[in-house]
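Working notes for the structure below.
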Amino acid sequence: MQNLIVLQSFLAEKLPGIPYQIWMGHPDYMTLSYSTPQIETERPLLPGRSSEKPYFFFQNPDKAYFFTELDKDFQITICLYDRDVSALPATDWEVLSYICSGMYFQEIHQPLKNDLEKMVDSLQILTATLDVNELLSKIIQIALTVIPAGDAGVFRQFDAENQQLTPLTVVGLPDGYLRYKTRLGENVSGKVFIDKRPRLYNSTADILSEQTNLSPENVAFVKKGPYANRMIIVPVWLDDECIGTLAILQFTKKKSFIDRDVKLLQGFSSQVAIAFHNAKLYKESRLHLEESRQLSRELDEKNQLFQKRINVHETLTQLSLTNKGIQKMISEINRILGRHVDYVDFLNNDNSPGRRPSPSFPFETIAHYFSGSQKSAVTTTLSNQDYYLYPIFIGSVLLGCMIVSLSHPLSQMDIVTIEQSGSVLALEMVKNISMTELYHKKALTFFTQLLEKQDYEALLARGLPFNFKINTYTFVCLCEIPGSFEPYEVEARLQRLLSKINQRLSAINKLTFGFHNKITLLFSVNENAEVKHIISQLETIVREWLNTDQHFLYGGIGGAYLNVEEIAKSYEEAQKTISFLINRNQSGLISYEEIGINRFFLNQSSQDIEKFTEEIFLPLRSDHIQSSDLETTLMQYVACNLSAIDTAKKLHIHINTLYQRLKRIEERLGLRFDSQEDMLKIQLACHLKNHLSSFKS
């Protein structure tokens with residue numbers, strides 16, 4: 001220090017040989033700047049301040065003191081180890097005062113200049129990075145160089161949600177300090193945040209005196225130490241809001257904090273607030289920017305998906321408008337997707353293969369995946385190959401299914417293509433249903449005219465569009481699916497059955513159509529053997545359909561007649577057969593001939609039949625005899641073909657008991673079992689009683 005050398009030269013010239021010490025600094029914490037050799041260091045006494053002169057001279061028995069107070073935070077005291085120095089002229093003391101003033105300016109203003117430069121540097125780093133922890137760490141590090149008494153720093157941010165101060169950035173402290181969270185009013189930080197007043201402590205005792213109302217976890221943390229020797233802490237303001245506290249702590253250094261250090265730290269706290277605010281704004285702007293970019297990407301992707309939908313829709317719709325058919329549409333879907341795609345048509349029991357041969361996918365196998373409420377696509381494995389099954393539903397009716405081979409995962413674009421293809425295929429299926437209904441209506445009109453026995457020559461000509469002609473034997477088969485259905489459900493069921501029949505009996509001359517919940521089949525063949533073959537095939541087809549659709553079906557086959565005018569008769573017999581099955585609640589397909597004797601009573605009113613049976617069985621009922629004994633015995637006796645032994649076994653009675661009952665039956669009915677005429681009457685009554693429900697309309 002140049003001025004210290006000047007001071008030493010002056011004292012050596014004016015007071016040669018006199019030992020001395022030079023003390024400088026804050027009045028309470030002065031430090032020794034120079035001492036002549038072999039003098040014990042002793043902190044000088046602090047004389048009172050003189051308001052008349054810039055310096056003050058003080059003597060005691062063995063020493064003399066020259067004291068000058070340059071400001072309230074900086075004083076210089078020269079301790080002269082010889083009391084006979086008062087003879088020095090006043091002008092020399094004034095010169096000494098001027099030399100001390102120069103030392104003051106060198107000691108104070110030059111560091112202030114350096115501090116200013118460092119603060120300017122700290123302002124510049126605010127634009128160097130936007131990482132908030134990095135920024136705050138650099139600001140605290142610069143603050144520690146400007147405030148040399150400190151060797152650690154911490155910024156605590158106020159957490160409004162939890163109502164506590166949380167360490168965000170620490171310098172010179174262990175990482176565990178980040179867990180030292182402070183409640184409001186709990187310790188120094190909590191109190192500074194509440195009253196917004198900065199605090200300066202130059203002793204550990206003063207710091208610990210402020211540690212009140214600590215939580216158990218903070219008590220445990222504080223006990224681990226080490227304790228700070230000194231501390232400065234100030235509130236951090238952002239506009240009119242206090243966002244936290246900034247503290248500088250001392251652990252190893254010896255120099256005391258002064259008021260100037262508090263002001264410096266307040267300046268750095270403003271920089272902390274700016275850094276924190278800028279980082280927050282940057283984070284928000286980056287978030288908004290990323291959201292905008294993400295939105296832009298999503299819009300771009302949605303636009304691509306939307307354009308893909310339009311392209312797929314236009315391509316497939318054009319194929320539908322030009323009646324290219326489902327097979328052509330599936331081929332185009334294969335091309336667009338670049339994958340192997342098959343299509344299962346549940347209306348026509350047909351598979352439309354993709355670009356290469358593929359295994360057949362049975363209706364029941366695919367339908368199993370979409371039973372119940374499952375209507376969305378599924379991924380499954382069939383024959384060691386992974387597939388993506390996309391169903392085509394109209395309402396709750398499954399009309400078809402696209403089967404996509406999964407050689408590699410589907411992209412979003414692939415799924416969009418499949419979904420759009422499914423929509424167009426659904427429209428194509430509905431169109432096919434409408435066209436089929438139109439054909440069926442025309443076929444129904446032609447069939448109705450045949451039943452009305454109009455001009456057959458003209459009618460036969462009208463049958464040419466249906467590829468139907470009259471041969472030797474002609475008969476009718478009717479199938480009815482009971483129950484109420486959602487739209488398209490009955491059409492789908494009828495169409496599946498008709499498709500099976502048309503595929504299996506493709507070479508047979510026939511007229512087939514559906515109306516409401518009924519199918520009408522008119523066959524005309526040359527040989528009687530063909531009739532039996534057709535009936536056998538129909539029975540097989542119906543059994544398969546029942547196993548697949550698992551729904552009731554009533555089917556009746558009328559007789560085969562040589563005269564074309566007997567078509568109406570065969571149709572009526574088929575209707576009667578269906579009525580017979582419905583009354584018995586019996587699902588399946590039977591011929592009119594299979595009804596047997598019951599067909600003689602189909603036209604008889606159920607009231608007449610019931611009256612006839614009651615005439616036989618009523619006498620068997622009596623108040624004194626259990627009504628079921630004689631009636632049950634008679635029914636079982638006839639069922640066992642009049643075998644007494646078999647009847648007794650069935651009824652679990654002794655044979656003598658049976659004979660007694662049979663005798664009472666003869667008596668009550670006035671009939672005899674050994675009379676052929678009486679026995680026929682009894683057997684007919686038992687048969688009609690068993691099948692009474694079959695004749696009720």
Side-chain angles (χ1 to χ4, degrees), residues 480 482 539 542-543 546 552-559 572-697:
E480 180 177 336
E539 290 173 344
V542 168
R543 281 196 300 271
L546 290 172
F552 256 55
L553 179 142
Y554 304 122
I557 303 174
E572 183 179 356
E573 291 174 350
Q575 285 185 312
K576 290 180 178 180
T577 306
I578 287 180
S579 297
F580 178 77
L581 292 176
I582 292 175
N583 290 331
R584 299 185 67 179
N585 196 30
Q586 178 181 333
S587 181
L589 176 69
I590 64 172
S591 301
Y592 182 68
E593 296 175 353
E594 295 180 61
I595 299 177
I597 193 175
N598 291 317
R599 56 184 166 171
F600 293 108
F601 307 101
L602 289 175
N603 293 327
Q604 194 72 31
S605 69
S606 59
Q607 291 84 357
D608 290 341
I609 295 174
E610 189 171 3
K611 181 179 179 182
F612 173 74
T613 57
E614 284 298 299
E615 288 175 357
I616 298 297
F617 290 101
L618 186 60
L620 300 180
R621 301 165 189 160
S622 169
D623 294 339
H624 303 290
I625 303 174
Q626 292 184 357
S627 62
S628 62
D629 284 352
L630 297 182
E631 187 173 345
T632 302
T633 300
L634 178 58
M635 294 289 290
Q636 190 63 55
Y637 185 56
V638 173
C640 291
N641 200 20
L642 309 182
S643 171
I645 295 176
D646 293 342
T647 304
K649 288 181 179 179
K650 290 286 186 180
L651 295 175
H652 304 289
I653 60 176
H654 195 274
I655 194 166
N656 291 334
T657 303
L658 174 64
Y659 287 139
Q660 292 174 6
R661 289 185 183 181
L662 292 176
K663 185 172 181 59
R664 286 200 300 270
I665 290 172
E666 287 182 317
E667 292 174 353
R668 290 188 175 276
L669 295 181
L671 300 174
R672 296 181 60 81
F673 290 122
D674 57 359
S675 170
Q676 186 175 3
E677 183 178 347
D678 289 349
M679 198 63 226
L680 178 61
K681 185 176 181 180
I682 291 172
Q683 288 176 323
L684 182 59
C686 290
H687 174 80
L688 292 176
K689 183 174 179 61
N690 280 329
H691 298 85
L692 181 62
S693 61
S694 302
F695 309 109
K696 292 183 178 180
S697 57

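The analysis underlying the following values was restricted to heavy atoms, covering all of them including side chains, and did not include hydrogens, waters or symmetry mates.
To the nearest 0.5 Å, atoms CG (Leu642) and OH (Tyr637) are separated by 5.0 Å. Residue Ser579 holds its OG atom at 8.0 Å from CD of Glu480, rounded to the nearest 0.5 Å. Ile645 CD1 to Lys650 NZ: the interatomic distance, rounded to the nearest 0.5 Å, is 14.5 Å. In this structure, CG on Leu651 lies 12.0 Å from CE on Met635, to the nearest 0.5 angstrom. Separating the CD1 atom in Ile665 from the CG atom in Leu634 is a distance of 5.0 Å, to the nearest 0.5 Å. Here the CD1-OH distance, from Ile582 to Tyr554, works out to 6.0 Å after rounding to the nearest 0.5 Å.
Listed here is the closest heavy atom pair of Gly558 and Tyr592: CA-CB, 4.4 Å. For the pair Leu620 and Leu630, the tightest heavy-atom approach, listed with the atom from each and the gap, is O-CD1, 3.9 Å. Nearest heavy atoms, Gly555 versus Leu581: O-CD1, 3.2 Å. What you find for Leu589 and Gly556 is that their closest heavy atoms are CD1-N, 3.7 Å.
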Review point. Could you walk me through whether Thr657 and His654 pass the side-chain contact (heavy atoms from CB on, under 4.5 Å) check?
Key: CA-CA 5 Å; Thr657 303; His654 195 274; 3.9 Å; yes

Exercise for review: Report the C-alpha distance between Leu546 and Ser587 in whole Å, list the side-chain angles of each, state the deciding distance to 0.1 Å, and finish with yes or no for side-chain contact (heavy atoms from CB on, under 4.5 Å).
Suggested key: CA-CA 9 Å; Leu546 290 172; Ser587 181; 3.8 Å; yes

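Crowding of Asn656 atom CG: a count of heavy atoms from other residues, nucleotides or ligands under 6.0 Å exceeding 12.
A donor-acceptor pair is defined here as one N or O able to donate and one able to accept, closer than 3.5 Å; such a pair exists between the side chain of Glu666 and the backbone of Phe673. A donor-acceptor pair is defined here as one N or O able to donate and one able to accept, closer than 3.5 Å; no such pair exists between the side chain of Ser591 and the backbone of Ile557.
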